[in-house]
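Residue numbers start from 1 in every chain, and the chains themselves are labelled A, B, ... in the order their sequence lines are given, proteins ahead of strands.
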Amino acid sequence: MAEYSKDEIRKIEDKWRNRWVENKVYKTELDPAKPKYYVLDMFPYPSGAGLHVGHPLGYIASDIVARYKRVKGFNVLHPMGFDAFGLPAEQYAIEHGIHPAISTQENIQNFKRQLGKIGFCYDWDREVQTCDPKYYKWTQWIFLQIFDSWYNRKKEKAERVAELIKTFESEGNKQHAFPNTKFRLANDKDVFTSVEWKSFDEKTQQEILMQYRLAYLAYTDVNWCEALGTVLANDEVINGVSYRGGFPVVKRQMRQWSLRITEYAERLLKGLEEIDYSDSMKEIQRNWIGKSVGAKVVFNLKSEKAIVPSMTVFTTRPETIFGVDFMVVAPEHEMVKDITSAAQQGEIDKYLKYVESRSEIERMAEVKKISGAFTGAYAINPFNNKQIPVWISEYVLAGYGTGAIMGVPCGDERDHKFARHFNLPITNIIGKYYDGTDANPTYDAILENSDFLNGLPMREGITVVVKKLEELGIGTKQINYKMRDAGWSRQRYWGEPFPVIFRDDIPYAMEEKDLPLTLPPSDNFKPSGSGEGPLANLKEWINIGPHERRDSNTMPTHAGAAWYFLRYMDPHNDKEFAGRKSLDYWNQVDVYVGGSEHAVAHLLYARLWTKVLADLGYINFDEPFKKLINQGKITGISKFVYRAVFRVFYPGGPGDITPLLLVSKGHYEAINNSTLDEATGEKMFTQALDQFKKLIINNTIETNNYEFRQNIDILEIEYNSSHPIRIYTQLAIQEDKSSNGWVLDIDKFKNWSEKSWSEAKNLGLFLENDRYICGSSIEKMSKSLFNVENPDDVIEAYGADTLRIYEMFLGPLEQSKPWSTSGIDGSFKFIRRFWNLFHDNGNFKISDAEPTREELKVLHKTLKKVEQDIENFSFNTSVSEFMICANELTSLKCNKRAILEPLVIALSPFAPHVAEELWEKFGHKDTVLNAKFPQYDEQYLKENAFNYPISINGKVRAEMKFGLDMSKEDIEKNVLASEIVLKWTEGKAPKKVIVVPGRIVNVVL
RNA sequence: GGCCAGUUAGUUAAGUGGUCAAAAACAUUUGAUUUAAGCUCAAACUCUUCGGAUUCACAGGUUCAAAUCCUGUACUGGUCACCA
């Protein structure tokens, strides 16, 4: 007896998982005789929470592709590994005193156990872990190759620094200007001759080379997070606070490693054209790179001190130069102090102070706020000598373009607002396109008030102006990118150490034979606070000799992830990062599956490293991923309590006090609405405050931090809406589904040991109807949100095959969707129904009879659809097709080998365990992985007659069967003669009859 | 706010001009089986006087023919966010 029951499923799945491992069926070898196919998942960060149901979504999809390609005859590389360096392990170490190496290994083991249960066809012999010295030896090695490279703009590729030195020795740097245009030599020049080069001392030479290296050390503005004691990447900062923890982030100058990715901006942009990423993904990358084409224009300056003769602006609209009514310079711009007039000094100082006081968060939150100050200086329009006032304002960014702009209020919205706010005149150069109230950034206008440009369409004006500027030597065409060089230093322990040695502050590459530079053992992971990372605490390790020391920083997690797909090709090579033969054979990743949250950083760095390695001749492709699929997130419902912060003022007290109060959902909404809508909401807000006052007076609210005395005389209570407000919890119960309310288990919550909420014991709770209703929202699954669903539970109840089918059936792969197990029965029933086709009363029973034409049609229709759907990554529809097929064969009572055997192969990528079992029952000794995917045959899909829908005035009224070879005229005759049509025409001749062969007949009356 | 994508039955979701009252699954209801529940099987699931009528966010348009193409509106999601 073998029903597809829970016990049977476990038996089958365990049996095959073990057998796959024993027989090493997933072992991949290089085989030039076969075409290769490389299917890659974004490797996971092994978090302590383990795998949740969102992880496998992409893995299942890629596993289906891998298995499918294998039965299609490809030699498939489908590896898995772990992105194992990173901040969370280090934080965990600080909190729990467990070394990152240990917790990381534990987490990896847990991940592997969970992954193993889902039946993925990974070749675990190729596993990589970025924290393994055998692996990061090569991360360091590649870093050194980048360090030893510079970008030759003439050839548009990276070259060795030795080449550059040769050039300097023979002709100086006249052919290759400093990439950083602001850099100056000691003599304030930016060019040197070969003679000068040779005269420079070692330190100067190294400094100059550093200006060219693709991995370079420089003082850069970084996002410094005091609370985490470390620098964060731009994508780790969200709305001015850290992605992890939500701590404030400020700008700070530090000497850091950077990768000169800006040199590759154009190639990264161009490369997008030849790779198959989704349009939105490409758009995000283009956005990030942020190319804009315009011109640099020099304006002469008239200022009291006359120190600065001119200023340069960057504009994408040089043709609007006659519409310039003011100039705006970034407050941080170095020329500000030199152009400010005595009369305006006070004004400017006041404004600079204001800018300095503004936090990053405020600046971002108040984007619309207009502010600025006049310097007292004037720029001169080179074409009409008009005097243009020079202002400063924080809406102009120091780091982009030249840090100065020309203000054209009639064409630019921000400039327009600025002009309005400060009552500056607005010159209209676009005629009727400017309506006097709003700027119009049109390109369509014919220029007016524009001297030699009058009458020209704006588009043509651009080239005319640029030409003129160039003739006069006061401007050139200029391309700018928003993208900045990538900060590559992290003040952390758990990462790759930089393989360099500083001698008298000059970094030198370590020799290859000395790699890897292993991470020294340590149990102190706390940042030193000075801005240096934890490694600075290890004095013996850092200081090698009197003039020699190591770098105390480590690389970001992006480093290990920037090239791991190459290591999979040859993971045990200890002579090279990967052997040339393997690199050439496996080549690009054919399909890369992962989340869109890595759209920018990871993908760009991986593309960058690939391009550098290609330029240096190590590999023969310069884009790593041919095709990218972004699976959607599986979301979960997270529940949280609202933490409202009130400030209480009372007489004689030490000041104001801010007790903690958790307000139930209804109250929270009342309070919040009232802050938005004063007219109607005021009353609700007052009520909430009154209630709160009562709670305090009745001494119901206490905190550990503040003592409340009875009979306290409260002067004023104010609600502080800017305070962080959510505390996530799993201690919420849904009592009745209709109201959608999650009720907090208050007792448990008060004793909750969660670190983020240790003050819970003496909570003030503002209840509604004696219950605390939690807020809830659908969000990405994450341990920190307590909304994680574990796949182990599903496998326990239904088996891995059902999980695989179900996750694929949920909807389109690229779409995000909330997790719910409500439909999982359908997937399970489908497998059972499929299984039952092969069984009669639990016994395997198959017929060798010839299949009928109808059965063959079902088979080939399914094969065709499934094949097409897999190629299109439309797995939900292929599952649906299998369901239709199983339903049809069930009603045909088909148990014929000729039909079912090919179906087992076709289903094997989706449900490998059950497929193997059935395959074995057919008498096969070898795994179904070595079978051949059955090719569908069109001849079984063809019909020789067609059931024509007969529509009258576009509405289908009847059906008539005609041969597909019947002529239009004959069909028309037959249709018009038919009873049903005669009934509608009532004897009258139709206006028109449309016959579309093989489709439809339409009679128009 | 800019850009991009989307809006289909109670739910998830297929469907890029005709074979569409719209696949598949879930949920719901009914019947068979069962002592019963579950499972399984069969069927119903916009309205209907059984002729048909009205439907794929809303409003227009193109066409012999529109869920599908075009225009506008509303809403939802993603993404970037003072980048000159």
S.K.: Can you tell me the base-pairing partner of U76(B)? Count Watson-Crick or G-U wobble geometry only, both distances below 3.5 Å, and say none if there is no partner.
M.R.: A5(B)
S.K.: Would you kindly say whether Y395(A) and D415(A) are connected by a side-chain donor-acceptor distance under 3.5 Å?
M.R.: yes
S.K.: Ignoring hydrogens and angles, are the base of C64(B) and the side chain of N1002(A) linked by a donor-acceptor pair under 3.5 Å?
M.R.: yes
S.K.: Send over the distance from K633(A) NZ to U79(B) C1', rounded to a whole Å.
M.R.: 11 Å
S.K.: Using only side-chain N and O atoms of R833(A), determine if any of them is under 4.0 Å from OP1 or OP2 of A24(B).
M.R.: no
S.K.: Any side-chain N or O of Y395(A) below 4.0 angstrom from OP1/OP2 of A84(B)?
M.R.: no
S.K.: Is S292(A) near enough to A84(B) that one of its side-chain N or O atoms lies under 4.0 angstrom from OP1 or OP2?
M.R.: yes
S.K.: Phosphate oxygens OP1/OP2 of G6(B): is one of them under 4.0 Å from a side-chain N or O of Q815(A)?
M.R.: no
S.K.: In whole angstroms, how far is the C1' atom of A14(B) from the NZ atom of K817(A)?
M.R.: 14 Å
S.K.: Whole angstrom is fine here: how far is it from CZ in F809(A) over to P in A14(B)?
M.R.: 10 Å
S.K.: Give me the distance, rounded to whole Å, that separates A27(B) from G10(B) when you measure between the C1' atoms they each carry.
M.R.: 7 Å
S.K.: Would you check if the distance from the ring center of F882(A) to the ring center of F834(A) is below 6.0 Å?
M.R.: no
S.K.: On the nucleotide A14(B), are OP1 or OP2 found under 4.0 Å from the side-chain N or O atoms that N876(A) carries?
M.R.: yes
S.K.: Please walk me through it: do L813(A) and F875(A) pass side-chain contact (heavy atoms from CB on, under 4.5 Å)?
M.R.: CA-CA 7 Å; L813(A) 181 62; F875(A) 303 105; 4.0 Å; yes
S.K.: Mind checking if I884(A) touches a base, just sugar-phosphate, or nothing, with heavy atoms under 4.0 Å?
M.R.: sugar-phosphate
S.K.: Using ring centroids (six-membered ring only for Trp), state whether Y806(A) and F809(A) fall under 6.0 Å.
M.R.: no
S.K.: Side-chain N or O of R999(A) versus OP1/OP2 of A65(B): is the shortest distance under 4.0 Å?
M.R.: no
S.K.: Measuring only the P atom in each nucleotide, how far is U11(B) from C56(B)? A whole number of Å is fine.
M.R.: 16 Å
